> 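Before anything else, here's the structure in question.
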Amino acid sequence: MPLTLLTDSDGVQSIHVTPEAFEVASAEFANEIQFWQNALPGPMKGQLTSVSRAKVLLINGQNPFIMVDANVQITGGFQGFGMHQNFFFASYNLASTGWTHIMGDFAQQSLFLNNSVTLTILQNGHTSPEVITQHNNQTPLIKFQQQPPIPAQVACKQPLDVMLNTSPPSDIVLPPSLQLALPAIVGPKPTTIPQAGLDTKVRDGPLAQLTTDWIVNNDADPLDILLYNPINWPNASNVFFALATNWLQPPILMTINDHADAFTQRVGEECPLDGFPVTPPANALFDIEKVAIVSNGR
């Protein structure tokens with residue numbers, strides 16, 4: 001069950017089940033959705049759609065942010081504390097196949113903090129809370145091993161190397177009805193066509209320059225998969241660079257917080273219009289002066 005932070009009309013943030021939870025789950029886990037429907041307690045049975053957007057009052061009888069902060073200790077890499085907190089929640093990602101839904105650590109932790117979790121939720125439009133208990137019935141070995149299951153009588157005879165993969169699924173497709181481009185909000189204009197987002201630049205440090213120089217002058221990426229290969233980046237006009245173009249030269253030198261730094265020229269749109277499944281409308285849906293887009297850092 002993916003969770004997210006929602007802000008009410010007073011500006012107060014609370015943890016909720018994601019509004020799109022049922023729609024995403026129905027599309028991605030069609031064979032399991034009926035089981036989850038029937039697992040809900042009491043009058044909620046068969047009403048999984050009503051759980052979407054529900055406010056999470058308690059997790060295991062405690063303030064839900066206690067589990068958010070506990071999850072910080074076992075997730076992420078070298079990011080800051082706030083970024084580690086964000087891993088707990090659902091998010092989105094633009095992949096080569098389109099927009100995908102990231103369930104978040106709460107919904108798909110690879111190493112669970114508990115074998116079960118109890119949520120006290122308040123459904124949208126209700127005044128009385130409900131209690132839901134989720135169970136993790138899979139052992140880590142069964143869940144993550146990449147070869148067929150090993151019979152117990154074989155596994156106990158001698159030590160075995162078992163290949164595991166603890167990475168959570170990253171290909172959960174976001175249903176087309178939930179995908180929206182910025183030009184659909186503000187309408188087509190010189191500031192949204194061809195690039196609707198903010199200026200995109202890349203850090204242009206010494207190692208990046210050496211890597212790109214080697215790729216360009218030595219044909220060092222025959223599979224065309226390396227990050228700094230020029231053919232993987234469009235210019236400011238959204239035309240991809242040629243292989244012989246050293247797109248990191250010349251670097252744009254800047255001083256940020258009293259530290260010298262360098263960036264590339266402006267590059268193309270990271271979320272191109274042809275990556276969306278719907279055609280943006282000819283006119284803006286909202287007054288751009290009244291639109292604010294806020295990122296959570298992911």
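Remember, it's a predicted structure, so these values are computed and weren't measured experimentally.
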> So how far is it from I59 CD1 to F88 CZ, rounded to the nearest 0.5 Å?
4.5 Å
> Do you know which two heavy atoms are closest between P251 and A262, and how far apart they sit?
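Nearest pair, atom of P251 first, then A262: CB-CB, 4.1 Å.
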> Apply side chain to side chain contact (heavy atoms under 4.5 Å, CB included) to residues F89 and T18 and explain how you reach the verdict.
CA-CA 9 Å; F89 302 107; T18 59; over 6 Å; no
> Measuring from atom CD of Q34 to atom CG of L48, what distance do you get when rounded to the nearest 0.5 angstrom?
10.0 Å
> Using the test side chain to side chain donor-acceptor pair (under 3.5 Å), find all partners of N217 that sit at least two apart in sequence or belong to another chain.
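With neighbours one apart ignored, the set is D213.
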> What residues form a side chain to side chain donor-acceptor pair (under 3.5 Å) with N63, not counting sequence neighbours?
none
> Quick check against the 3.5 Å criterion: does N124 have a side-chain atom that pairs as donor or acceptor with the backbone of A54?
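A pair under 3.5 Å: no.
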> When you look at L243 and D219, which way does the side chain to side chain contact (heavy atoms under 4.5 Å, CB included) test go after all the steps?
CA-CA 9 Å; L243 178 60; D219 192 21; 4.2 Å; yes
> Checking the side chain of D8 only, and the main-chain atoms of D10 only, is there a donor and an acceptor separated by less than 3.5 Å?
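Side chain of D8 to backbone of D10: a pair is present.
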> Roughly how far, to the nearest 0.5 Å, is NZ of K55 from CD1 of I15?
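So the CD1 of I15 and the NZ of K55 are separated by 10.5 Å.
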> Name all pairs fulfilling the salt bridge (charged side-chain N to carboxylate O under 4.0 Å, His left out) condition that reach into residues 251-261, sequence neighbours left out, sorted by first residue then second.
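Applying salt bridge (charged side-chain N to carboxylate O under 4.0 Å, His left out) to every pair that reaches into residues 251-261, excluding sequence neighbours, yields R203-D261.
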> Looking at T118, V17, V51, which hits side chain to side chain contact (heavy atoms under 4.5 Å, CB included) with I132?
V51
> Under the 4.5 Å side-chain heavy-atom rule for ILVMFWY, direct or indirect, which residues accompany M254?
I252, I256, F263
> Any pair with a residue in residues 240-249 that passes side-chain hydrogen bond (donor to acceptor under 3.5 Å, both in side chains), sequence neighbours left out, goes on the list, sorted by first then second residue, please.
Q209-Q249
> What residues form a side-chain contact (heavy atoms from CB on, under 4.5 Å) with Q13, not counting sequence neighbours?
L5, T7
> Give a yes or no on whether V24 and L40 share a hydrophobic cluster (residues Ile, Leu, Val, Met, Phe, Trp, Tyr; joining criterion: side-chain heavy atoms under 4.5 Å apart).
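In one cluster: yes.
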> Mark yes or no for whether N235, through its side chain, and S237, through its backbone, hold a donor-acceptor pair below 3.5 Å.
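Judged by distance alone, yes, a pair lies under 3.5 Å.
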> Evaluate side chain to side chain contact (heavy atoms under 4.5 Å, CB included) for L119 paired with F106, printing each intermediate quantity in order.
CA-CA 12 Å; L119 285 80; F106 178 79; 3.7 Å; yes
> Should V131 and L122 be counted in the same cluster of Ile, Leu, Val, Met, Phe, Trp and Tyr side chains packed under 4.5 Å apart?
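No; tracing contacts between hydrophobic side chains, which count when under 4.5 Å, never links both residues.
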> Could you state whether L248 and I231 fall into the same hydrophobic cluster, counting links through intermediate Ile, Leu, Val, Met, Phe, Trp or Tyr residues with side-chain heavy atoms under 4.5 angstrom apart?
no
> Would you check if Q47 and F22 make a side-chain contact, meaning some heavy-atom pair closer than 4.5 Å?
no
> Return the set of residues passing side-chain contact (heavy atoms from CB on, under 4.5 Å) with L207 (not counting sequence neighbours), or none when no residue passes.
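So L207 forms a side-chain contact (heavy atoms from CB on, under 4.5 Å) with T211.
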> Measure from the side-chain N and O atoms of D287 to the backbone N and O of E289, and report whether any donor-acceptor pair falls under 3.5 Å.
yes
> Applying side chain to side chain contact (heavy atoms under 4.5 Å, CB included) between T264 and each of D204, T212, T200, report the one that passes.
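In the set D204, T212, T200, the residue that makes a side chain to side chain contact (heavy atoms under 4.5 Å, CB included) with T264 is D204.
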> Kindly compute the distance separating CG (D221) from CG (N232), expressed to the nearest 0.5 Å.
7.0 Å
> Quick check: do N38 and K45 have side-chain heavy atoms less than 4.5 Å from each other?
yes
> Excluding sequence neighbours, so at least two apart, what forms side-chain contact (heavy atoms from CB on, under 4.5 Å) with P250?
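Testing P250 for side-chain contact (heavy atoms from CB on, under 4.5 Å), a comparison that skips the adjacent residues, returns none.
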> Taking all heavy atoms of V216 and all of A244, pick out the closest pair and write down the distance.
CG1-O, 3.5 Å
> Minimum heavy-atom separation for I33 to A25, with atom names?
CD1-CB, 4.0 Å
> Between F241 and N229, is any pair of side-chain heavy atoms under 4.5 Å apart?
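They are not in side-chain contact.
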> If you take all heavy atoms of T120 and P129, which pair is closest and at what distance?
CG2-CB, 3.9 Å
> Tell me every residue that passes side-chain contact (heavy atoms from CB on, under 4.5 Å) with L6, counting only those two or more places apart in sequence or in another chain.
T4, H16, P19, R53
> State which residues pass side chain to side chain donor-acceptor pair (under 3.5 Å) with S50; sequence neighbours excluded, sorted by chain then number.
Q123
> Taking atom CE of M1 and atom CD1 of I121, what is their separation to the nearest 0.5 Å?
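Between atom CE of M1 and atom CD1 of I121 there are 6.5 Å.
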> Under the ring pair (Phe, Tyr, Trp, His ring centres under 6.0 Å) rule, what pairs show up with a residue in residues 25-55, not counting sequence neighbours?
F29-W36
> Heavy atoms, side chains only, cut-off 4.5 Å: are H101 and E20 in contact?
yes
> Can you measure from CG (L210) to CD1 (I215) and round to the nearest 0.5 angstrom?
11.0 Å
> If hydrophobic clusters are built by linking Ile, Leu, Val, Met, Phe, Trp and Tyr wherever their side-chain heavy atoms come under 4.5 Å apart, do I66 and L57 end up in the same one?
no
> For Q85, enumerate each residue passing the side chain to side chain donor-acceptor pair (under 3.5 Å) test, keeping only those at least two apart in sequence or located in another chain.
D69
